[in-house]
Amino acid sequence: MASRIAVVGSINADLVVLMPKLPDRGETVTSSEPKWFPGGKGANQAVAAARMGGIVCMVGAVGSDAPGEMCLAALKSSGVNAEYVLKTTAATSTALVMVEDSGENQIVVTDGANSAVEVDAELLASFDAVVAQFEIPEPAVLQAAKATKGIFIVNAAPVRPISEELSALIDVLIVNEHEFEQYGKPAHGLVIVTAGSKAVVAYQDGEVVAQCQPKKVEPVDTVGAGDTFVGAFAVAYAGGSSIQAAIERACAAGALSTLKLGAQSGMPNSGAVDVFMQG
Ligand code: RIB
């Protein structure tokens, strides 16, 4: 049976600008015409999970504006239930996404409707897994954690302090290598560390329990690759896959997602991941 996943998180309109090399501090660089894409770590993870075969519900907030409509349309067209996305008086949150020719990126996210996310405890209690990130306020993440009856997965990005109360409720923590350095190695629970094209490592109570080297691809845009990993992992793990099997599937999905410009554009469906893994 398909995994039932709720994503409690951010929805952003991404303004993407391309450049040969990301600017250094104090440096000005030029770019071709900017492009708008649907994004936000929460929405990206919801879309990734839905494309990987999950039954997915997004809990978030957008403004009553054109960027909000773009983001909602993207969720719906991937089959995500967007009924629990609030429409607020605040503008849809925006992310300025700078992508250099190598595929590396830098992102600035503005405050906006993401601050208004509301958690419905009764709704969340019915899902196999609930996924949250840190682009929404801490109280919303904590409420989601308390309401979850299934697996509570946190993608602790961007980095911010994790309270002891929240930490005790997290079943799976997913971070990238830079975030891992800043948080330090947690001694308890399942912690998965992604590292771009390098191996993903899963720690259980501080010991390595699974690893996966992503297959090599020529990335066009790595924005959203981590989110694709999280969404694909959630679907596989909540569906009963082992940690090793779930990270292998998530690695494959993450690699494929980098082949198109825009966080959600390249996110693969489950059939494409099967083919890539066999190839
Ligand atoms: O993880 C990628 C996402 O981070 C982008 O889509 C952007 O919106 C920022 O939230």
Side-chain angles (χ1 to χ4, degrees), residues 7-18 22 34-51 58-63 65 67-75 78 80 85 90-100 103-117 131-137 140-141 153-160 173-180 182 192-196 200 219-234 250 253-267:
V7 178
V8 181
S10 57
I11 302 174
N12 301 334
D14 289 357
L15 181 61
V16 178
V17 285
L18 304 175
L22 294 168
K35 290 194 174 79
W36 286 98
F37 289 97
K41 295 188 193 303
N44 293 345
Q45 292 170 17
V47 167
R51 294 207 187 145
M58 177 79 210
V59 177
V62 293
D65 48 27
E69 288 308 320
M70 170 186 74
C71 293
L72 281 175
L75 287 166
S78 288
V80 175
V85 175
T92 299
S93 299
T94 302
L96 174 62
V97 180
M98 295 185 285
V99 182
E100 69 172 28
E104 286 304 316
N105 62 74
Q106 273 175 10
I107 303 176
V108 182
V109 181
T110 69
D111 230 353
N114 285 332
S115 303
V117 173
V131 183
Q133 327 72 31
F134 287 174
E135 285 182 333
I136 57 170
V141 177
I153 300 173
V154 170
N155 172 217
V159 171
R160 72 179 177 206
L173 182 75
I174 304 180
V175 290
N176 68 26
E177 55 185 332
H178 309 294
E179 293 150 1
F180 188 58
Q182 292 181 62
I192 298 174
V193 185
T194 62
V200 171
V220 173
D221 177 8
T222 58
V223 176
D227 298 330
T228 309
F229 181 96
V230 173
F233 175 85
L256 283 172
S257 75
T258 65
L259 301 179
K260 286 190 185 153
L261 183 64
Q264 297 172 14
S265 320
M267 287 178 177

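As the structure lists them, so they are numbered: ligands from 1, and atoms in each ligand from 1.
With a 4.5 Å cut-off on side-chain heavy atoms, Arg160 and Val141 count as touching.
Looking only at atom types and distance, the side chain of Asn114 has no donor-acceptor partner in the side chain of Ser10 under 3.5 Å away.
Here the shortest heavy-atom distance to atom 8 (O) of ligand 1, taken over Ile11, Asp14, Asn176, belongs to Asp14.
Given atom 3 (C) of ligand 1, the protein heavy atom at minimum distance is Asn44 ND2, 3.6 Å. Scanning the protein heavy atoms around atom 4 (O) of ligand 1, the nearest turns out to be Lys41 NZ, 3.2 Å.
Ala46 and Met58 make their closest contact through CB-SD, 3.8 Å (heavy atoms, listed as atom of the first residue, atom of the second, distance).
Distance CD/Gln182 to CD/Glu177: 11.5 Å, rounded to 0.5 Å.
Taking every non-hydrogen atom of Gly40 and a distance limit under 4.0 Å, the qualifying atoms of ligand 1 come out as 5 (C), 6 (O), 7 (C), 8 (O), 10 (O). Close approach of ligand 1 to Asp227 is summarised as follows: ligand atoms under 4.0 Å from at least one heavy atom of the residue are 1 (O), 2 (C), 3 (C). For ligand 1, the atoms lying closer than 4.0 Å to a non-hydrogen atom of Ala95 are 7 (C), 8 (O). Those atoms of ligand 1 with a heavy atom of Ala263 less than 4.0 angstrom away are 6 (O). Residue Asn12 has at least one heavy-atom neighbour below 4.0 Å for each of these atoms of ligand 1: 7 (C), 8 (O), 9 (C), 10 (O). Here is the list of ligand 1 atoms found below 4.0 Å of a heavy atom in Glu135: 4 (O), 9 (C), 10 (O).
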Stepwise side chain to side chain contact (heavy atoms under 4.5 Å, CB included) check, Val7 with Gln133: CA-CA 9 Å; Val7 178; Gln133 327 72 31; 3.5 Å; yes

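Looking only at distances, no side-chain donor or acceptor of Gln106 sits under 3.5 Å from a matching main-chain atom of Met98. Looking only at distances, no side-chain donor or acceptor of Thr222 sits under 3.5 Å from a matching main-chain atom of Thr258. Although no hydrogens or angles enter the test, the distance criterion places a donor-acceptor pair under 3.5 Å between the side chain of Asn155 and the main chain of Ile174.
For Gly39, no nitrogen or oxygen atom sits less than 3.5 Å from a nitrogen or oxygen atom of ligand 1, counting backbone and side chain alike. Considering backbone and side-chain atoms together, Ser10 places no N or O closer than 3.5 Å to any N or O of ligand 1.
The closest approach between any non-hydrogen atom of Gly226 and ligand 1 is not below 4.0 Å.
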